[in-house]
Amino acid sequence: MPKISGSEAVIKCLINEGVEIIYGYPGGAIMPVYDELFKYQDKIHHVLTRHEQGATHAAQGFARISGKVGVAIATSGPGATNLVTGLADAQIDSTPMICITGQVSSKLLGSDAFQETDIIGISTPITKWNYQITKASEIPEIFAKAFYIAKSGRPGPVLIDITKDAQFELFDFSYNKINGIRSYNPTPEIDKNKIKEAAKLINKAKKPLIVWGQGVILGNAEKELIDLVEKTGIPAAWTILGASAIPTEHPLNVGMLGMHGNYAPNVKTNECDILIAIGMRFDDRVTGDVTRYAKQAQIIHFEIDPAEVNKNIEVDIAVLGNAKDTLGEIIKYVETNSHKNWLKEFSDLYKVEFNKVIDAEINPTKKGLTMGEVIKHINKHTKGDAAIVTDVGQHQMVACRYANFRNSKSNITSGGLGTMGFALPAALGAKMAAPHREVVAVIGDGGYQMTIQELGTIFQTKAAVKIVVLNNDFLGMVRQWQQLFFEKRYASTEMVNPDFVKIAEGYYIKAKRVNKRDDLAPAIEEMIKSKEPYFLEVVVEKEANVFPMIPTGSSVSDIRLS
């Protein structure tokens, strides 16, 4: 076979890994790869985002809804550094992603050449693996390793930096996918004794509580989790990244954990006798004060990453392995049970929360529109089948609290890093990965403007993303904290916003603004029925707060309803 260039090899590697869509932005140091992309347009669709950060978030949205590896590409220097936020976001939220960056020629490395940046040094703490290629012959092996590492075990982002001379160099190309790397053990072997010990604890529990996270979704363990919950009759609560693994309406789904989660699962965390954590990492937003977290309970932790065991919370039994396998195994040993009296305690507390918080949020009687009623109307017209993509802030907490999910991989949000600007490009990636699904981006007016330029990408691709901006003219979550804890000193949180409708229309996207309750339901119905991109701005109350709330440093038992 004739020799091929390193840049053509990059494209052939992607094709061999089944990649059909990549997101990126061209530049000098990556231009040879783009030249080859032009020749392979029938095999790989490149999406020109308006900023490299948008490329990473689009790749994340693609990965989160599809379960496949998302791919982003950029040039050296500022192109590469603009990927950093997305890499960090993908690392902490365990999203499989490959980022490819161009680099100056190898003979110029270390010389401070034009647009040279040490992206390997910069990205080392925020990637699962990274590597700089200086010889074309390295490309096939490094790409095969990169895809394997990104998607195996606990997924994460990988960065490959390729010098420009390696892109031009000719070599004999062959590609072999890999299924293992010496000394890298992504999925721990299951210890049957730990499974039996855990089952024994579960079988004797009087007040057990399951808390699950995204590990269930990443491990494709939704069925196993539902089987476990239904066989044991144990109430189950979720972290925001775990949302949608069990349908919202399931009778044993008792709601969201954490700072703005539901009242019952937070309070009952400190009353249960057995806490069964599945595919979650005991993030501080879930635990509150760790010195007062579930001290009365024996804790079982189902986890694929040994580094997460006993990192934040000391546990009694650690069951290592992929959740699909470990849950499938423990179902054999747990006894059929029900916990009716214990479940009633959850339902009683839900009624308290409904009367004090939820009813006023989704069925308001006051003049101003609420974020919760917007989500209620979205639920009505999507019937719980939509993928909801959120940014970070009050709107995120409201959407996660009130959205109905019937299908897994339906709640796409920036969890661990809390990245404003995530939602718009992530929704684009999600829609392109799952064009048959309704994808609704719910965004605050602050975060929306951080990546608002990706309206151009949505217009160019014609991806039928539905965009809802909940506009309160504030950086709402920060303002809420300023109100509650800083004596209403609203330092740099009030927004003077542009005409969002005109901006959307400038990108040839149909747009509407709603500030009256009578207009809300028809506008949402029109948006959902549209077969094209649609922008809806909803003017909501300026100084509304999201409750319940656990103040920073407090125990989950200290959750406030007002």
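Just so it is clear, the model here is predicted, and its values are computed rather than measured. All residue numbers in this chain count up from 1 along the given sequence.
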Examine the side chains of [X] and [Y] and answer whether a donor and an acceptor come within less than 3.5 Å of each other.
X	Y	result
Asn253	Thr248	no
Thr382	Glu438	no
Asn497	Asp473	yes

Passing candidate, side-chain hydrogen bond (donor to acceptor under 3.5 Å, both in side chains) with Ser555, options Thr291, Asp289, Asn270: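 The single option meeting the side-chain hydrogen bond (donor to acceptor under 3.5 Å, both in side chains) with Ser555 is Asn270.
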Just to verify, which of Val440, Ile458, Val439 counts as forming a side-chain contact (heavy atoms from CB on, under 4.5 Å) with Ile467?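 Going through Val440, Ile458, Val439 one by one, the side-chain contact (heavy atoms from CB on, under 4.5 Å) with Ile467 is satisfied by Ile458 alone.
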Step through the shown structure and confirm whether more than 12 heavy atoms of other residues, nucleotides or ligands are within 6.0 Å of [atom1] on [X].
X	atom1	value
Lys462	NZ	yes
Phe354	CZ	yes
Phe474	CZ	yes

Spatial distance of atom NE2 (His57) from atom CZ (Arg64) [nearest 0.5 Å]: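 His57 NE2 to Arg64 CZ: 11.5 Å, rounded to 0.5 Å.
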Ile358 vs Tyr350 side-chain heavy atoms within contact, under 4.5 Å: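 Ile358 vs Tyr350: side chains touch.
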Close aromatic pair by centroid cut-off 6.0 Å: Phe535 and Tyr507: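 No; Tyr507 has its ring centre 6.0 Å or more from that of Phe535.
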Taking only Lys NZ, Arg NE, NH1 and NH2, and the carboxylate oxygens of Asp or Glu, determine whether Glu543 and Lys488 approach each other closer than 4.0 Å.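 Looking at Glu543 and Lys488, the cut-off is not met.
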Trp212 vs Trp238 aromatic rings, parallel, tilted or perpendicular, using cut-offs 30° and 60°?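 Trp212 and Trp238: tilted rings.
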